[in-house]
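Start at 1 and go down the list; that is how both ligands and their atoms are numbered. Computed from a predicted structure; not experimentally measured. If you read the sequence from its start, that first residue is 1, and numbering goes on from there.
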Amino acid sequence: MKLSGKTALITGSSEGIGEAVAVRFAEEGADVVVTYRSHPQEAARVVDTIKARGRRSVAVEADVGRAGLADGLIERAVRELGPLDILVNNAGIEKRAPFVEVAESDYDAVLDVNLKGAFFVTQAFVRHLMETKRPGKVINMSSVHEELPFPHFAPYCLSKGALKMMTRTLAIELAPLGIQVNGIAPGAIATPINTKLLQDHEKLDALLSQIPLHRLGQPSDIAGVAAFLASADADYLTGTTIFADGGLLWNYSEQ
Ligand SMILES: NC(=O)c1ccc[n+]([C@@H]2O[C@H](COP(=O)([O-])OP(=O)(O)OC[C@H]3O[C@@H](n4cnc5c(N)ncnc54)[C@H](O)[C@@H]3O)[C@@H](O)[C@H]2O)c1
């Protein structure tokens, strides 16, 4: 087991990729703080799954878009499960709109959760590591859209592009503290964030034709990468992003 004796906090882990990461970490021996914004029953289900694997777990309500709550989230997590070793900034949202119609409120919502949330939860986590004089690992759930333009999703692309630079910058600044910061860039993964796409067969087929491995990713595909990055196997990685996208990003062929 790669994560025995470790304690991890995963934001937005009541469903989707966050849930898969939480359960996989538990299977690798970690205790896990599950955080949720608005689905306590789902979070409780994830906690039960983790406990059934013999690990400790607790669900903590946290809207990461409200930066002022970040210190409280980390304090509560530490009070419940003890010192933390691993943070996964997974919570994320997207809102579709042509650029000329993007409402300020939607722009703020996306940037607040995807970028500002990750920034200030990481800040609170790093303060905790400094106070307890311990090393740690931060994993930012980015997207292929930290590189790949996505028309009609400009705020989402901005948030992930900035998250990439947060990963690189903090990796350098925090290296002297023994804190590694890396990112994961999933391609198209079958989760609730893609509910509309999953129901639209025409769009889904068009997307699959762009993916060299010719399938959507599953949350477990991303959880395995997260478990690697959280483990000692990745001790010499920092400031990098692992793309887990079935080949989508670099797909090019001449027909
Ligand atoms: N599914 C994909 O195709 C895909 C691709 C690339 C990147 N990602 C990224 O992976 C991450 C997880 O996405 P997912 O596909 O599992 O989506 P999802 O919608 O299933 O899960 C997102 C999670 O974030 C939580 N969340 C949303 N707003 C929050 C807030 N204000 N505070 C706290 N939690 C909040 C939700 O409750 C949910 O648990 C996101 O950062 C997303 O951008 C997903």
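With respect to Glu147 and Lys160, no salt bridge is recorded, no charged nitrogen being found less than 4.0 Å from a carboxylate O. Under 4.0 Å is where a charged nitrogen must lie from a carboxylate oxygen, and between Lys2 and Asp233 at least one such pair does. In this structure, Asp221 pairs ionically with Arg215, as a charged nitrogen and a carboxylate oxygen lie closer than 4.0 Å. With respect to Arg79 and Glu75, no salt bridge is recorded, no charged nitrogen being found less than 4.0 Å from a carboxylate O. Salt-bridge annotation for Glu80 and Arg76: present, with a side-chain N of the basic residue lying under 4.0 Å from a carboxylate O of the acidic one.
For residues 49-67, the salt bridge (Lys or Arg N to Asp or Glu O under 4.0 Å) pairs, not counting sequence neighbours, are Glu27-Arg53, Asp31-Arg55, Asp31-Arg56.
Around ligand 1 you find Gly12, Ser14, Glu15, Gly16, Ile17, Arg37, Ala62, Asp63, Val64, Gly65, Asn90, Ala91, Gly92, Ile93, Val113, Met141, Ser142, Ser143, Tyr156, Lys160, Pro186, Gly187, Ala188, Ile189, Thr191, Pro192, Ile193, Asn194, each with a heavy-atom distance below 4.0 Å.
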